Amino acid sequence: MAEESFTDAELAFLRHARFGELPRRVLPDERVELAETEPPRTWLDLGPSPEQQRTLLAGN
């Protein structure tokens, strides 16, 4: 099977046909640094608190 080679213009057309119009490039001076609004969750946040654990165990 012969390998096809496309020109840059043909590849650009195929990319546009597959993905559509790309958004405008963000320039470095337009970028904004984001700050966290809440502290990151830790593994301890995923389960019940020690007080909730005692309540659950006492109920059994």
Side-chain angles (χ1 to χ4, degrees):
M1 189 177 236
E3 186 177 314
E4 288 187 60
S5 62
F6 294 99
T7 65
D8 287 343
E10 290 170 330
L11 289 172
F13 171 77
L14 292 172
R15 276 192 300 274
H16 186 271
R18 181 171 182 186
F19 300 109
E21 183 90 21
L22 293 176
R24 179 178 78 73
R25 180 174 162 238
V26 178
L27 300 175
D29 59 335
E30 296 175 331
R31 296 180 184 165
V32 177
E33 185 175 340
L34 299 178
E36 293 290 330
T37 56
E38 295 181 12
R41 292 182 62 142
T42 63
W43 286 105
L44 298 175
D45 292 338
L46 299 178
S49 68
E51 182 179 320
Q52 290 170 329
Q53 289 176 4
R54 283 191 296 276
T55 304
L56 290 170
L57 291 175
N60 290 335

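Keep in mind it's a predicted model, so treat the numbers as computed, not measured. The analysis underlying the following values was restricted to heavy atoms, covering all of them including side chains, and did not include hydrogens, waters or symmetry mates.
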Separation between CD (E51) and CG (L56), nearest 0.5 Å, reads 11.0 Å
Are side-chain heavy atoms of Q53 and S49 found at a separation under 4.5 Å?
no
Passes salt bridge (Lys or Arg N to Asp or Glu O under 4.0 Å), E30 versus R24? Steps please.
CA-CA 12 Å; E30 296 175 331; R24 179 178 78 73; 3.4 Å; yes
Residues two or more places apart in sequence or in another chain: which of them pass side-chain contact (heavy atoms from CB on, under 4.5 Å) with E21?
H16
Distance check, rounded to the nearest 0.5 Å: F13 atom CZ versus T7 atom OG1?
11.5 Å
